[in-house]
Structure formats: structure tokens, C-alpha cells
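Have a look at the structure below, then the notes.
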Amino acid sequence: MTNDQFKSALHSIGWSQAEFARRTGYAPNTISRWLGGEMPIPEWVSAYLDALCGLKDLSVRIGIK
């Protein structure tokens, strides 16, 4: 997952970087390190955000806000 994909996925589900950190138990500075290229974004993040984006899309399609 690239930095741009990470940011796009967060935007898609309406989360900030801080919200992602809070919900996943990571320190906000860890997220900043991922996006700054100091640390790679873990592989699980892509799957997690893909699932959340999928749920968001599904909820829109069936009319759940």
C-alpha cells in the first residue's frame, strides 16, 4: 500500500490519521512515520482498510448511513 492509497482509503471511510491510530491502538507518530517513509506500512493495513472501504460501499448501496 502506498502513502497515497493509505490517505485515500482513510478519506473514503471518513477517518483522520489520528482516528486510524486510535481505532487500531497505534501511536499517532507511528502513522506519521509510515506516511513519511520512515517505516513501511504493514501489509495488514491494506486488507483492513480494503474491508472497511468495502463495508462503507455496501452500506451506501443498501441505504445505511
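Reckoned from all heavy atoms, side chains included, excluding hydrogens, waters and symmetry mates. Computed from a predicted structure; not experimentally measured.
- Both Leu58 and Ile64 sit in one connected hydrophobic cluster of ILVMFWY residues. Membership requires side-chain heavy atoms under 4.5 Å apart, directly or through other members.
- Within a 6.0 Å radius of CD in Glu38, more than 12 heavy atoms belonging to other residues, nucleotides or ligands are found.
- Looking only at side-chain heavy atoms (C-beta outward), Arg33 and Thr30 come within less than 4.5 Å of each other.
- Between Gln5 and Leu49, every side-chain heavy-atom pair lies at or beyond the 4.5 Å cut-off.
- Atom CG of Leu52 is separated from atom CG of Asp57 by 11.0 Å, given to the nearest 0.5 angstrom.
- By the 4.5 Å heavy-atom criterion applied to side chains, Ile13 and Cys53 are counted as neighbours.
- The shortest distance between side-chain heavy atoms of Glu19 and Arg23 falls below 4.5 Å.
- Under the 3.5 Å distance criterion, the side-chain polar atoms of Ser59 are matched with a main-chain donor or acceptor of Lys56.
- Within the 4.5 Å cutoff, the side chain of Trp34 has no heavy atoms near those of the Asn3 side chain.
- Taking CG of Leu35 as the start and NZ of Lys7 as the end, the distance is 5.5 Å to the nearest 0.5 Å.
- Classified by interplanar angle (parallel below 30°, tilted 30° to 60°, perpendicular above 60°), the ring pair Tyr48/Phe20 is perpendicular.
- When ring centroids are compared, Trp44 and Tyr26 come within the 6.0 Å threshold.
- Of all the heavy atoms in Ile41 and Met1, the pair that sits closest is CD1-O, 3.8 Å.
- One finds the OG atom of Ser16 at 9.0 Å from the CZ atom of Arg22 (value rounded to the nearest 0.5 Å).
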